[in-house]
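So the structure is just underneath, and the comments pick up after that.
Every chain is numbered from 1, with letters handed out A, B, ... down the list of sequences. Note: hydrogens, waters and symmetry copies are ignored here, and every other heavy atom, side chains too, is used.
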Amino acid sequence: MPSLKKAQAMIIDGVLSLFLAIILSYSLFAAWPQDRHETGDLALERAGYDIVNAFYEDEMLYSTIARGLEFKGYLSGGEINSLSLRLYNYGKLLGVSRIDVDIEGSSSFSVQISSAPLTRREQFPVIIPLKGGADSRLIRVSLWR
Amino acid sequence: MRRGFAGLLVLSVFMLGFVFLLSSHSQYIASKNYRSMVSAEIHSDRIAIARNIITRSYRHVDEKGRVQWATSIVDSLSNSYGLKVSIDSSSYPVMVNVTDPSSGLSTSFSVS
């Protein structure tokens with residue numbers, strides 16, 4: 001094999017350095033944690049999308065909460081029972097194990113759908129405008145799986 | 001001649017290493033890619049959920065309550081959901097911008 005001239009050696013050095021840099025960068029980025037946020041649960045996130053829509057689109061859910069909060073400022077036991085039953089059905093459809101509802105300025109309640117151990121939770125806000133928007137209540141809905 | 005051969009040998013080794021690395025299906029790299037995709041989808045879902053909250057709650061708001069509604073939306077979504085919301089309630093239709101500071105995703109839309 002003929003010996004390499006200086007220019008050829010420099011070109012090979014350059015190509016070698018390039019490959020070395022690419023390999024090192026690839027290894028580094030593959031090993032380095034880029035997204036430091038917890039991944040979260042996609043199924044729960046999608047269930048949250050549906051449950052938030054349900055609070056607004058389900059006339060029974062929305063009117064029970066809005067009427068109770070507007071006229072009394074809180075939800076009665078009967079109203080909570082009706083909401084729990086409705087949310088139980090939604091929970092079964094969405095495949096979640098438990099739904100926690102925390103209404104600002106009123107009571108909180110939970111709906112147990114299955115007895116499976118609870119491992120992950122995602123929380124979603126629902127904002128209910130009262131009196132035409134002059135007052136609003138924040139409801140925190142937590143879905144458990 | 002020996003020096004030239006050694007250089008070519010090292011170059012070949014690195015090229016082979018590069019090719020193997022690119023085609024590697026290591027579980028760690030695959031799961032990291034999957035986690036990134038899931039994370040991106042979750043961030044996108046959060047913005048979609050915020051958009052739904054804003055558009056659907058606005059249906060129950062009248063002219064007089066628009067400003068208070070906008071204030072409570074901005075406060076609630078930023079405190080409990082970590083999103084940056086800006087609402088121009090003086091315009092009609094009302095213009096909204098929602099940004100997720102952690103991912104940089106944002107969306108602008110109007111509600112009427």
Side-chain angles (χ1 to χ4, degrees), chain A residues 1-5 8-9 11-13 15-20 22-23 26-27 29-53 55-57 62 66 104 122-140, chain B residues 1-5 7-8 10-11 13-15 17-18 21-22 24 26 28-29 31-46 48-50 52-73 75-77 79-81 83 102-103:
Chain A
M1 186 179 256
S3 64
L4 291 172
K5 293 196 174 61
Q8 288 169 329
I11 289 168
I12 287 174
D13 269 341
V15 172
L16 188 69
S17 311
L18 187 66
F19 275 112
L20 189 59
I22 290 169
I23 289 170
Y26 193 85
S27 309
F29 285 121
W32 196 264
Q34 284 168 356
D35 186 12
R36 292 176 190 276
H37 299 284
E38 202 187 309
T39 303
D41 192 311
L42 193 54
L44 271 182
E45 201 70 31
R46 287 176 176 159
Y49 181 90
D50 291 331
I51 204 80
V52 165
N53 281 350
F55 269 87
Y56 290 107
E57 297 300 319
Y62 189 87
E104 193 184 27
E122 289 287 346
Q123 196 175 68
F124 307 93
V126 175
I127 294 158
I128 305 285
L130 307 174
K131 297 171 190 163
D135 185 20
S136 296
R137 290 291 185 97
L138 173 66
I139 299 174
R140 289 190 184 85
Chain B
M1 187 167 99
R2 277 200 297 273
R3 271 207 307 263
F5 182 69
L8 277 174
V10 173
L11 175 64
V13 165
F14 273 109
M15 278 173 70
F18 177 68
L21 200 60
L22 274 182
S24 88
S26 87
Y28 179 76
I29 292 174
S31 75
K32 195 164 179 296
N33 287 338
Y34 175 73
R35 281 205 303 274
S36 298
M37 284 188 316
V38 167
S39 182
E41 177 135 6
I42 284 174
H43 284 301
S44 168
D45 276 352
R46 293 186 148 242
I49 289 171
N52 273 356
I53 291 168
I54 294 167
T55 49
R56 290 170 205 275
S57 65
Y58 187 72
R59 288 186 214 155
H60 304 277
V61 173
D62 56 29
E63 189 80 28
K64 283 183 265 184
R66 216 194 280 175
V67 174
Q68 292 93 322
W69 165 83
T71 308
S72 62
I73 287 277
D75 291 342
S76 307
L77 287 180
N79 293 341
S80 62
Y81 218 34
L83 294 175
S102 60
S103 64

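For A/Y62, the part sitting under 4.5 Å from any heavy atom of chain B is the side chain, from C-beta outward, and nothing else. Both the backbone and the side chain of B/R46 come within contact range of chain A, with heavy atoms under 4.5 Å apart. Within the 4.5 angstrom heavy-atom criterion, no atom of A/E104 approaches chain B. Interface remark: B/I73 contributes backbone and side-chain atoms alike to the contact with chain A (heavy atom separation under 4.5 Å). In this structure, chain B has a heavy atom under 4.5 Å from the side chain of A/R140, while its backbone stays farther away. When heavy atoms are compared at a cutoff of 4.5 Å, A/L138 approaches chain B solely by way of its side chain, counted from C-beta outward.
In summary, the side chains of A/S136 and B/W69 do not present any donor paired with an acceptor at a separation below 3.5 Å, with no hydrogens or angles considered. Side-chain contact, B/Y58 with B/R66: a donor N or O sits under 3.5 Å from an acceptor N or O.
Considering only residues two or more places apart in sequence or on other chains, A/A43 meets the side-chain contact (heavy atoms from CB on, under 4.5 Å) condition with A/D41, A/R145. With sequence neighbours excluded, no residue satisfies side chain to side chain donor-acceptor pair (under 3.5 Å) with A/R137.
In this structure the side chain of B/I49 reaches within 4.5 angstrom of the side chain of A/Y49, judged on heavy atoms.
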